[in-house]
Amino acid sequence: MSTQSSGPAIETVGLVKTFGETRAVDGVDLTVPAGTVYGVLGPNGAGKTTTVKMLATLLRPDGGEARVFGHDVVREADEVRGRVSLTGQYASVDEDLTGTENLVLLARLLGHRKPAARTRAAQLLEAFGLTEAAGKQVKHYSGGMRRRIDIAASILSTPDLLFLDEPTTGLDPRSRNQVWDIVRAVVAQGTTVLLTTQYLDEADQLASRIAVIDRGKVIAEGTKGELKASVGAGSVHLRLRDADRRPLAADLLRRALDAQVQTEPDPVALTARLTTAASDDTAAEQAARALNELARAGITVDNFSLGQPSLDEVFLALTGHDTQQPQSGSDNAHDPKDEVAA
Ligand SMILES: Nc1ncnc2c1ncn2[C@@H]1O[C@H](COP(=O)(O)OP(=O)(O)OP(=O)(O)O)[C@@H](O)[C@H]1O
Ligand SMILES: [Mg+2]
C-alpha cells in the first residue's frame with residue numbers, strides 16, 4: 001500500500017458535466033477525507049455515475065475542478081489513474097474467462113509475474129468466498145458472485161482510492177451483506193472508498209460522511225448524524241401488551257408529545273415521530289414523558305426503542321420527494337427494499 005498525502009482524497013469545486021440540454025452534474029463541491037468510506041446518495045439519474053467517471057478520468061468535466069490526492073483529473077490524469085480503481089455499475093471482467101483466469105490476467109496486466117499473479121488471484125478468490133467457483137466461467141456466476149469478482153478485480157493491487165458505483169444494486173440481502181463486509185475490509189487496509197448508492201441503509205451502514213445529490217446538485221452533506229439531525233429528533237417505537245389499548249395509547253402520545261403518531265401493521269405497534277420544534281426537551285426526555293403517561297393510564301408497554309430518523313425521512317425532508325421517484329430521462333428502477341413502513 002502506498003502512503004497517502006495528508007490532504008483529502010478527493011476535492012471538487014463547481015464540477016459540471018452536461019450532455020446536450022441535460023446538466024448531469026451541475027456544480028458539485030465535494031471533499032472526501034482520505035481513509036474513509038464516503039457515500040454519494042441519490043436516486044436514478046442524480047448524476048452519481050457521471051461524477052464518478054469524471055473523478056476516475058473516464059469523462060472530461062465541462063466546468064469546475066476536481067483533484068484526486070492533489071492531482072488534477074484533467075491535467076494530471078496519469079497520476080490520478082495510478083492511484084484509483086473503479087468498480088463500475090456495469091462492470092468489466094471477461095464473461096468467457098473463469099474467475100481465476102480473469103484475476104490472473106488482470107494481475108499480469110498490472111505487472112505481477114505469473115506466480116505472484118496466481119497467488120494474489122487465489123488469495124482474493126478465497127477472501128471473497130469464490131474459491132469453489134474459481135474454475136467456472138464468470139457468465140455462470142450469480143449476481144452476487146459477479147459483483148464480488150468485479151470488486152476483487154478492482155482491488156488486485158490495493159488502490160489508494162476505490163470507486164464503487166452502486167455495488168449492491170439488485171443483489172439479495174445476503175449478497176449485499178457480503179459486499180458490505182468486503183468494503184469494510186478494503187477500508188481497513190487503508191483504501192479510501194467513494195461509494196455511490198440509491199440505498200439509504202447502505203450509506204448508513206458503510207459511510208462516515210454522505211453527500212446527498214439530486215438532479216446534479218449536492219443538496220446536503222455531512223456525517224450521518226448531522227444529516228439526520230437536520231430533519232428531526234427521531235421516533236419512539238412502542239409495542240404494547242394489549243392491542244385493544246392502542247387507540248388510547250396513540251391519543252395519549254399525540255397529546256403528551258405533540259407528535260405525529262402512526263399505527264404499524266403489527267396490531268400492538270406504534271411509532272411517534274418527535275418534533276424538535278414542539279419543546280426544548282431532548283428526544284430521550286420526550287420519550288420518558290411518553291412512557292410516564294402510558295404507565296399512568298395503566299397501559300403496559302412490552303418493548304420500547306428510541307430511533308433517529310431514517311435516511312429515507314432525511315431525503316424526503318431535503319428534496320420534497322421520495323427516493324423512489326424517477327428522474328426525467330432515466331429508467332425508473334424501483335426497489336422496495338428502502339421503503340419505510342407508513
Ligand atoms: N452519455 C450520456 N449521454 C446523455 N445523457 C447522459 C449520459 N450519461 C448520463 N446522462 C444523463 O445524465 C443524468 C445523470 O446520469 P447518471 O448516470 O450520472 O445518473 P446516476 O445517478 O448514476 O443514476 P443511476 O442511479 O440510474 O445509475 C441522467 O439524466 C442521464 O440520463
Ligand atoms: Mg449510475
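Heavy atoms only: backbone and side chains are in, while hydrogens, waters and symmetry mates are out. What you see is a predicted model; the values in this text were computed from it and never measured.
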message: If we ignore hydrogens and angles and just use 3.5 Å, is the side chain of Thr263 paired with the main-chain N or O of Leu270 as donor and acceptor?
response: no

Going by heavy atoms in the side chains, are [X] and [Y] under 4.5 Å from each other?
{"X": "Arg120", "Y": "Gln123", "answer": "yes"}
{"X": "Ile149", "Y": "Leu125", "answer": "yes"}
{"X": "Thr196", "Y": "Phe163", "answer": "no"}
{"X": "Leu162", "Y": "Ser85", "answer": "yes"}
{"X": "Lys53", "Y": "Thr49", "answer": "yes"}
{"X": "Asp165", "Y": "Thr197", "answer": "no"}
{"X": "Val268", "Y": "Asp302", "answer": "no"}
{"X": "Thr51", "Y": "Val40", "answer": "no"}

What's the spacing between [X] [atom1] and [Y] [atom2] if we round to 0.5 Å?
{"X": "Thr31", "Y": "Ile10", "atom1": "OG1", "atom2": "CD1", "value": "9.5 Å"}
{"X": "Leu30", "Y": "Thr12", "atom1": "CG", "atom2": "OG1", "value": "4.0 Å"}
{"X": "Leu105", "Y": "Thr100", "atom1": "CG", "atom2": "OG1", "value": "12.0 Å"}
{"X": "Asn102", "Y": "Asp94", "atom1": "CG", "atom2": "CG", "value": "5.5 Å"}
{"X": "Met145", "Y": "Ser175", "atom1": "CE", "atom2": "OG", "value": "9.5 Å"}

Extract all donor-acceptor atom pairs below 3.5 Å that involve side chains of residues 13-23 and protein atoms in other chains or at least two apart in sequence.
from: Lys17; atom 1: NZ; to: Arg60; atom 2: O; distance (Å): 2.7
from: Thr18; atom 1: OG1; to: Asp62; atom 2: OD2; distance (Å): 3.1
from: Arg23; atom 1: NE; to: Asp26; atom 2: OD1; distance (Å): 2.6
from: Arg23; atom 1: NH2; to: Asp26; atom 2: OD1; distance (Å): 3.3

- prompt: Given Arg83, which of Leu161, Asp160, Thr192 fulfils the side chain to side chain contact (heavy atoms under 4.5 Å, CB included) condition?
  reply: Asp160

Residues Glu101, Thr98; criterion side-chain contact (heavy atoms from CB on, under 4.5 Å); working and verdict: CA-CA 5 Å; Glu101 285 165 350; Thr98 67; 3.2 Å; yes

statement: In short, salt bridge (charged side-chain N to carboxylate O under 4.0 Å, His left out) pairs touching residues 130-139 with sequence neighbours left out are Asp96-Lys139

Scan side-chain atoms only and decide if [X] and [Y] contain a donor-acceptor pair under the 3.5 Å cut-off.
{"X": "Arg184", "Y": "Gln205", "value": "yes"}
{"X": "His71", "Y": "Glu79", "value": "no"}
{"X": "Glu202", "Y": "Thr168", "value": "yes"}

field: cation_pi(Arg147, Phe128) dist<6.0 Å, angle<=45
entry: no

Return the set of residues passing salt bridge (Lys or Arg N to Asp or Glu O under 4.0 Å) with [X] (not counting sequence neighbours), or none when no residue passes.
{"X": "Asp266", "answer": "Arg239"}
{"X": "Glu221", "answer": "Arg209"}
{"X": "Glu95", "answer": "Arg146"}
{"X": "Arg108", "answer": "none"}

- request: Kindly determine whether Leu41 and Ile213 satisfy side-chain contact (heavy atoms from CB on, under 4.5 Å), including the steps that lead there.
  value: CA-CA 6 Å; Leu41 176 70; Ile213 66 168; over 6 Å; no

task: Step by step, work out the side chain to side chain donor-acceptor pair (under 3.5 Å) result for Thr271 and His237.
output: CA-CA 5 Å; Thr271 296; His237 307 281; 3.1 Å; yes

Trace of the side-chain contact (heavy atoms from CB on, under 4.5 Å) decision for Leu240 with Val301: CA-CA 4 Å; Leu240 308 177; Val301 175; 4.1 Å; yes

- request: Output yes when Asp78 and Arg81 qualify as a salt bridge under the 4.0 Å nitrogen-oxygen rule, no when they do not.
  value: yes

